[in-house]
Amino acid sequence: MDYRAVLEEVAATARSAAGVGRVAEYIPALAAADPTAFGFAVADLGGQGGVDGVGDWEAPFSIQSVSKVFTLALVLAADGEGLWARVGKEPSGSPFNSLAQLERDRGVPRNPFVNAGALVVTDRLQDLTGDASSALRDFLRAESGDPRVDFDRGIAASELRHGHRNAALAHLLADHDRLANRVRTVLHHYYLQCSITMNCRTLALAARFLARHGLRADGTRLLTRSEAKRVNAVMLVGGTYDEAGEFAHRVGLPAKSGVGGGILAVVPGRCTLCAWGPALDPHGNSTAALAALDAFTTLTGWSVF
Ligand code: GLU
């Protein structure tokens, strides 16, 4: 498929939204991002598995919570379904860093994408690999084909210094006996995973296993078909903070967003998409990326519905 005309139209629509909203100032190292930047990439499964994009699609950004899709996949791949005893699969309906919800639910996070859930997933990945953040980085390098994918240690340090709420969530989990590793170890790997720098191109490439029903770039299987379905399903109900209903309504695809302004989306059996713009709406989703994905599914008619 020749995506050129679609990409140009997506960019024209999204540019009118780029800059609307606010960059994530609660992580000081992210506050310097240009709010008007915009990029979009599509990685196709057909033929050679081509990738194309528009705008700042090769500009680096902090993947932040988009990383949570990949750590979840790595844990499911190594550990099967046991994780679901420790983490739910329901929409949260609350802010992604809610302490009140975690306390009400006795230390069982609503889903793997709220921060508490991601901390539990990282804790498990640490048990399974001995070095959770490096396992994630190496996986992203292999799937994207780009050996330059790496941590931004400045961003990780900035989060560690200012992340009182994440520290509180981790301590609350520990208090409920939900972590196998020490709080500081889990936070260390969690912040490194969030700090990974990629671009629309490499993120779309790295996620193709979700569109390929679990098959990796080299043709080996990471997830069973059913596990891949489950990751996509949890993305649909919980991947875009407490705006997942609005997102499903407008875009109709499994997706995961991050406060760095990236949104990764999956069209199962067909392609992956990554849109980026640093300015966020009040829920934490990029306004430009949301507009771009909305335009893409409207133009192509591709959604899971
Ligand atoms: N590192 C960020 C935090 O823990 C990730 C938030 C996000 O992208 O949703 O607050």
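Both ligands and their constituent atoms are indexed starting at 1 by order of listing. Bear in mind that the values here come from a model prediction, so they are computed numbers and not experimental data.
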Query raised in the report: Do the side chains of V231 and L72 get nearer than 4.5 Å, heavy atoms only?
Result: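 Of all side-chain heavy-atom pairs linking V231 with L72, at least one is under 4.5 Å.
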
Query - For F96, ring pair (Phe, Tyr, Trp, His ring centres under 6.0 Å) partners two or more places apart - result: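 Result, ring pair (Phe, Tyr, Trp, His ring centres under 6.0 Å) vs F96: Y241.
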
Identify the protein atoms, limited to N or O, that lie within less than 3.5 Å of an N or O atom of ligand 1, and list each pair with its distance to 0.1 Å.
| residue | atom | partner | partner atom | Å |
| --- | --- | --- | --- | --- |
| ligand 1 | 1 (N) | Q64 | OE1 | 2.6 |
| ligand 1 | 1 (N) | E159 | OE1 | 2.8 |
| ligand 1 | 1 (N) | E159 | OE2 | 2.7 |
| ligand 1 | 4 (O) | N115 | ND2 | 3.1 |
| ligand 1 | 4 (O) | N166 | ND2 | 2.8 |
| ligand 1 | 4 (O) | Y190 | OH | 2.7 |
| ligand 1 | 8 (O) | S65 | N | 3.1 |
| ligand 1 | 8 (O) | S65 | OG | 2.8 |
| ligand 1 | 8 (O) | Y241 | OH | 3.2 |
| ligand 1 | 8 (O) | V259 | N | 2.8 |
| ligand 1 | 9 (O) | S65 | OG | 2.5 |
| ligand 1 | 9 (O) | Y241 | OH | 2.5 |
| ligand 1 | 10 (O) | Y26 | OH | 2.6 |
| ligand 1 | 10 (O) | N115 | ND2 | 3.4 |

Query raised in the report: Are any of the side-chain nitrogens in D146 or R141 under 4.0 Å away from the carboxylate oxygens of its partner?
Result: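 Looking at R141 together with D146, the answer is no, because their closest N to O distance does not fall below 4.0 Å.
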
Query raised in the report: Would D123 and R86 satisfy side-chain contact (heavy atoms from CB on, under 4.5 Å), going step by step from the backbone distance to the final call?
Result: CA-CA 11 Å; D123 178 60; R86 295 176 64 188; 2.8 Å; yes

Query raised in the report: Parallel, tilted or perpendicular: which describes the rings of W302 and Y3, with under 30° parallel and over 60° perpendicular?
Result: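 Plane angle over 60°, so perpendicular.
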
Report task. Compute the centroid of each ring, for F209 and then for F139, and state whether the two points are separated by less than 6.0 Å. Result ->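 Here the rings of F139 and F209 have centres that are less than 6.0 Å from each other.
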
